[in-house]
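Below is one structure, written out as structure tokens; the observations come after it.
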Amino acid sequence: MQFTFLLIFVAFIGVSTVLLNVFPTTTSRDVVMANKERALLNQGNVLSSSLSGLERLSAEGVSHVMELVVPGDYDRILVTNRAGDILYDTAPNPAGEGESAPLRSARSGESQFYCSYDGDAFRSEVITPVMSYGSLIGSVHIFDNDLEQARTIHSVELRLRSISVLLFILSVLTVLFVTLRLTRRLRELAGAMRTVREGDLSRRVAVKGQDEVAELAETFNKMTDRLESTEELRRRFVSDASHELRTPLAGIRLLSDSIAQSDDMDVALMREFVSDIGMEAERLQRLTEKLLRLTRMDSGVVSERTEVELAPLVERCVHLLQPLAAQKQVQFETELEPGVRICAAEDDLFQIVFNLAENAVKYNREGGTVFLRLCAEDGQAVLAVEDTGIGIPEEDLPHIFVRFYRVDKNRSRAIGGSGLGLSIVHDAVEANGGEIRAERREPEGTRFLLRFPLLEEKREEKEESV
Ligand code: ADP
């Protein structure tokens, strides 16, 4: 990439400097030549028309006219007759132009101009025909060597060339510096990406400046942050899950070993042990079911959403929890507005309400109450699950939806809890477009508030009746 950049820039700068050198000098040369052509042709025409008064051109006649006309300061003026013989010459032997240099011949009725530039001088020649009564009788040749303008143009050329070389070197160095810096930063980023790909998620890159590469570096850092925290969560989840699974498994192992190792175990004791094994197995089953549910939700499997009426669903949960509530001497009090419908996965909703109501019974005090209130409010279905139980300390409230988080580990374990129920509730609420909030209930207990968008049809009915 660096090489390609450099190549493109060098080619671009090279072409620009060549153009910058050639264009102004050729233009100024053309301007000088055009001026010369105008001046010399003018002078030639003046001389030719002065000579055209003579019927025939002779050396004396021409000299006489030339003395009268007094041409300007030119290097050489010569006049020839029709045959090309020189009749008048201001510099019979000019430096650098030997006698032998053949003269260009005049063309009838047509002036000619020649000019060349060789770096030292503009060498110009103009030939104008001398006509008498419509026929060519001779020609006037004016030669002019302009050293001064040539020198000026030459020095401009030299200066332009040195400025261009300097500019070229400076541009190449700048491009080299910029591409080196850019590619070094990109190489650094690519190196960091390789390290992350190989498994080191702690690698970050320094964010310098505010350009696109800095933006890329920042995005990379954020992405790696996220990867790292996801990986950390995954690791913690696996380790917590293994830990949770180990406890009932160890219990089963201990109980079965005791049965296997005793030869004359009392039948009643054996029954008790076997029943304990059954309970531990049940706990394992519940745990694995919850783990499976969470993993399914994590992998983004979306259950099909249908129209669900909430009141009957809440009543079903209450009915199923009656035996547990009776055992704990807890009562249910419900206030359910009929006809509150939302669009959600029914199985998810059942799991949400059941888990919250079950917790409200489990963490209640003996003789306590569980309140379930449902209503439609501001286009939302609002369900409150409240209890008069032990409550959740303020500092634990922000963490209760975290997987395996328990406020009181021993108590939760003792009543068969896993610390997964509320995280399943939280994920299921979000997957169904709702919101959940937990707060302390005054004077005692906990309140969970759920909000789901109402089904359109219900909202419209309400608006009509207003
Ligand atoms: P668990 O299976 O342990 O009940 P949950 O995820 O359902 O797991 O709940 C997490 C923790 O939050 C529980 O261990 C308990 O300490 C606390 N908790 C949940 N619901 C209530 C409640 N209604 N009252 C008091 N504490 C609660």
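Ligands are counted one by one from 1 in listed order, and the atoms in each one are counted from 1 as well.
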Give the table of side-chain donor-acceptor pairs shorter than 3.5 Å for residues 265-288, with sequence neighbours excluded, one pair per line with atom names and distance.
{"unit_1": "Asp266", "atom_1": "OD2", "unit_2": "Leu269", "atom_2": "N", "d": "3.3"}
{"unit_1": "Thr288", "atom_1": "OG1", "unit_2": "Leu284", "atom_2": "O", "d": "2.9"}
{"unit_1": "Thr288", "atom_1": "OG1", "unit_2": "Gln285", "atom_2": "O", "d": "2.9"}

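Residue-level proximity to ligand 1 for Val407 is carried by backbone and side chain together, each with a heavy atom below 4.0 angstrom. Contact annotation: for Leu420 versus ligand 1, heavy atoms closer than 4.0 Å belong to the backbone alone. Counting heavy atoms under 4.0 Å from ligand 1, residue Asp396 does not touch it at all.
Checking Asp348 against Asn432 by side-chain atom types alone, a donor-acceptor pair falls below 3.5 Å. Judged purely by distance below 3.5 Å, without hydrogens or angles, the side chains of Thr195 and Asp200 never pair a donor atom with an acceptor atom. Counted by atom type alone, Asp146 and Ser124 present zero donor-acceptor pairs between their side chains at under 3.5 Å.
For Lys362, the closest heavy-atom approach to ligand 1 falls below 4.0 Å.
Every atom of ligand 1 is numbered from 1 in the order shown, and the set under 4.0 Å from a heavy atom of Asp408 is 16 (O). Close contacts between ligand 1 and Ser418 involve ligand atoms 1 (P), 2 (O), 3 (O) [criterion: under 4.0 Å to a heavy atom]. Residue-ligand proximity, Gly419 to ligand 1, at heavy-atom distances under 4.0 Å covers atoms 1 (P), 2 (O), 3 (O), 6 (O), 8 (O).
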For the pair Asp396 and Tyr405, evaluate side chain to side chain donor-acceptor pair (under 3.5 Å) and give the outcome as yes or no after the intermediate values. CA-CA 9 Å; Asp396 287 301; Tyr405 190 85; 2.4 Å; yes
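Considering both main-chain and side-chain atoms, Lys290 never comes within under 3.5 Å of ligand 1 through any nitrogen or oxygen pair. For ligand 1, the polar-atom distance check finds no N/O of Phe448 at less than 3.5 Å from any of the ligand's N/O atoms.
With hydrogens left out, the protein atom closest to atom 5 (P) of ligand 1 is Leu422 N, 3.6 Å, a heavy atom. Of the protein's non-hydrogen atoms, Asp387 OD2, 2.9 Å is the one closest to atom 23 (N) of ligand 1. At the top of the distance list for atom 3 (O) of ligand 1, counting protein heavy atoms only, stands Ser412 OG, 2.6 Å.
Summarising the contacts of atom 26 (N) of ligand 1 with Leu356, Ile392, Asn359, the nearest heavy atom is found in Ile392. The option with the heavy atom closest to atom 22 (C) of ligand 1, from among Tyr405, Tyr363, Phe401, is Tyr363.
Among Arg236, Glu228, Arg234, the single residue meeting the side chain to side chain contact (heavy atoms under 4.5 Å, CB included) criterion with Glu232 is Arg236. Each of Arg38, Glu37, Gln43 was evaluated against Leu41; a single residue qualifies, Glu37, per the side chain to side chain contact (heavy atoms under 4.5 Å, CB included) test.
Phe332 and Phe371 have their aromatic ring centers separated by at least 6.0 angstrom.
Using a 4.0 Å cut-off between a side-chain N of Lys or Arg and a carboxylate O of Asp or Glu, Glu439 and Arg447 qualify as a salt bridge.
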